[in-house]
Amino acid sequence: MSNTIRRCFIDSTPSIFLVCSPLQAMCAINAIKEFKIHIYKFILVLVKDKRNQQLFTLLAQYHIQYEIIYSFQLGKFEKYNIFKANNEGYKRAFIGDMRSLMMHTIAFKKLQNNSDIVYLDDGNDTISLLKGMKYSPNGVYEKIRYKFIKKYFAIIGKSRKITFGKFLYTIYDIPNDNYVIRLNNLDTFIKEKKSCAQNGIYIIGTNFSMYCQEGFVSKDVCKQQMEKLFCCLTSENKDTNIYYIPHGRDIETFPIELCRKYSVIYHPVDISVELYMKDLEQVPLEIYGYTSSALVNLKMMFPTTRIVDMVFDVVTKSRKGDEIKLISDYYKTIGIQQLRYHS
């Protein structure tokens, strides 16, 4: 295993990248730079989603050529002969979603024998994993199918000497003996500002329909919390612009209504929030969010900015509630402040 560990993070290894989100792509772009990868193939594994445009814009800005595989095009994994080695010369795959059976199928199909699979960050899911919460699909059938295919991959990995499930290239410095971790400093996206002036307060919205369902918080409670926040921020920062950046999938109208009421600037962006803020002329004064992994990246990008995670205390006990608490508590350890609300 020690030789494999050295091999999986070696410079200039021809590599495949399989990603489906802007964060995964950012980590992949940083890997290309850090590991001096000159020969690579970039594959987007996507479902039809209007937020895909954020991914396309990011890759265009960094001159990354890519191909797209949509989920409906792949078909059943059984159709692919993944026992057979590929002759394209790729010796390493970087996978953005460790849970994705599709990404693993493509990786096994594209890799030579004696290769490695390294996992990129997938936001809060990576934090949960490193904190000891194992992924479990919903539904009995999906659980059985997932376990069966993972065992199938284990047989293939052993027969073809492809090591997977062990290596992480991550920005999260969370010790875990189950994985070999190489820290990602994301320095491709972190640049020192010429001016240290700070200006502007930013609130990063969430997909409230999903957030309320998963967090066991009603939309009325979320609306009341947002109104209190807007009222407080506007009264205490009369000479500072306050921006609300909505989530790309959010369909709720109450954030727009409250922005109008409190003269908060409703500011949709068609790129990832990290990419948008990276090019601001001044450093943000404060950033608020709803346990979004973007807060971690923005803390790395703007160490002097006050960054606040807004958390609801929920009475109902659930796996998802436990996961949110686990993630939010980790945020506190890296200097992200916590603003708690009773639901």
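Since the structure is predicted, the reported quantities are computational estimates derived from the model, not experimental observations.
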Q.
Taking salt bridge (Lys or Arg N to Asp or Glu O under 4.0 Å) as the cut-off, I'd like each qualifying pair that reaches into residues 327-340, sequence neighbours left out, listed once.
A. Asp313-Arg340, Lys325-Asp329

Q) Between the side chains of Glu34 and Tyr169, does any donor sit under 3.5 Å from an acceptor? A) yes

Q: Please report the shortest heavy-atom distance between Val269 and Gln54, naming the atom on each side.
A: O-NE2, 4.3 Å

Q.
Could you check, using the six-membered ring where one of them is a Trp, whether Tyr66 and Tyr40 have ring centers closer than 6.0 angstrom?
A. no

(Q) Could you check whether Lys48 makes a cation-pi contact with Tyr70, meaning its NZ or CZ is under 6.0 Å from the centre of the six-membered ring and within 45° of the ring axis? (A) yes

**Q.** Side-chain heavy-atom pair Phe230, Cys259 within 4.5 angstrom cut-off
**A.** yes

Q: Begin from the C-alpha positions of Asp97 and Arg99 and carry the test salt bridge (Lys or Arg N to Asp or Glu O under 4.0 Å) through to its verdict.
A: CA-CA 5 Å; Asp97 183 354; Arg99 305 163 303 173; 3.1 Å; yes

Q. Can any side-chain N or O of Asp309 pair as donor or acceptor with the backbone N or O of Gln338 at less than 3.5 Å?
A. no

Q) Are the side chain of Thr57 and the backbone N or O of Gln53 linked by a donor-acceptor pair below 3.5 Å? A) yes

Q: Consider only side-chain N and O atoms of Glu286 and Thr305, and report whether a donor and an acceptor are under 3.5 Å apart.
A: no

Q | Non-hydrogen atoms of Cys232 and Ser235 that approach each other most closely | A | O-OG, 3.0 Å

Q | Between Asn207 and Arg249: side-chain donor-acceptor atoms closer than 3.5 Å | A | no

Q.
If I compare all heavy atoms of Lys110 with all of Ile43, which pair ends up nearest, and what's the gap?
A. CE-CD1, 4.2 Å

(Q) Under 6.0 Å between ring centres: does that hold for Tyr152 and His104? (A) no

Q: Give the intermediate values and the outcome of side chain to side chain contact (heavy atoms under 4.5 Å, CB included) for residues Met300 and Leu186.
A: CA-CA 8 Å; Met300 295 174 68; Leu186 219 60; 4.0 Å; yes

Q: Would you check, one step at a time, whether the test side chain to side chain contact (heavy atoms under 4.5 Å, CB included) holds for Tyr172 with Ser293?
A: CA-CA 10 Å; Tyr172 309 117; Ser293 61; 3.9 Å; yes

Q. Tyr243 and Tyr266: aromatic ring centres closer than 6.0 Å?
A. no

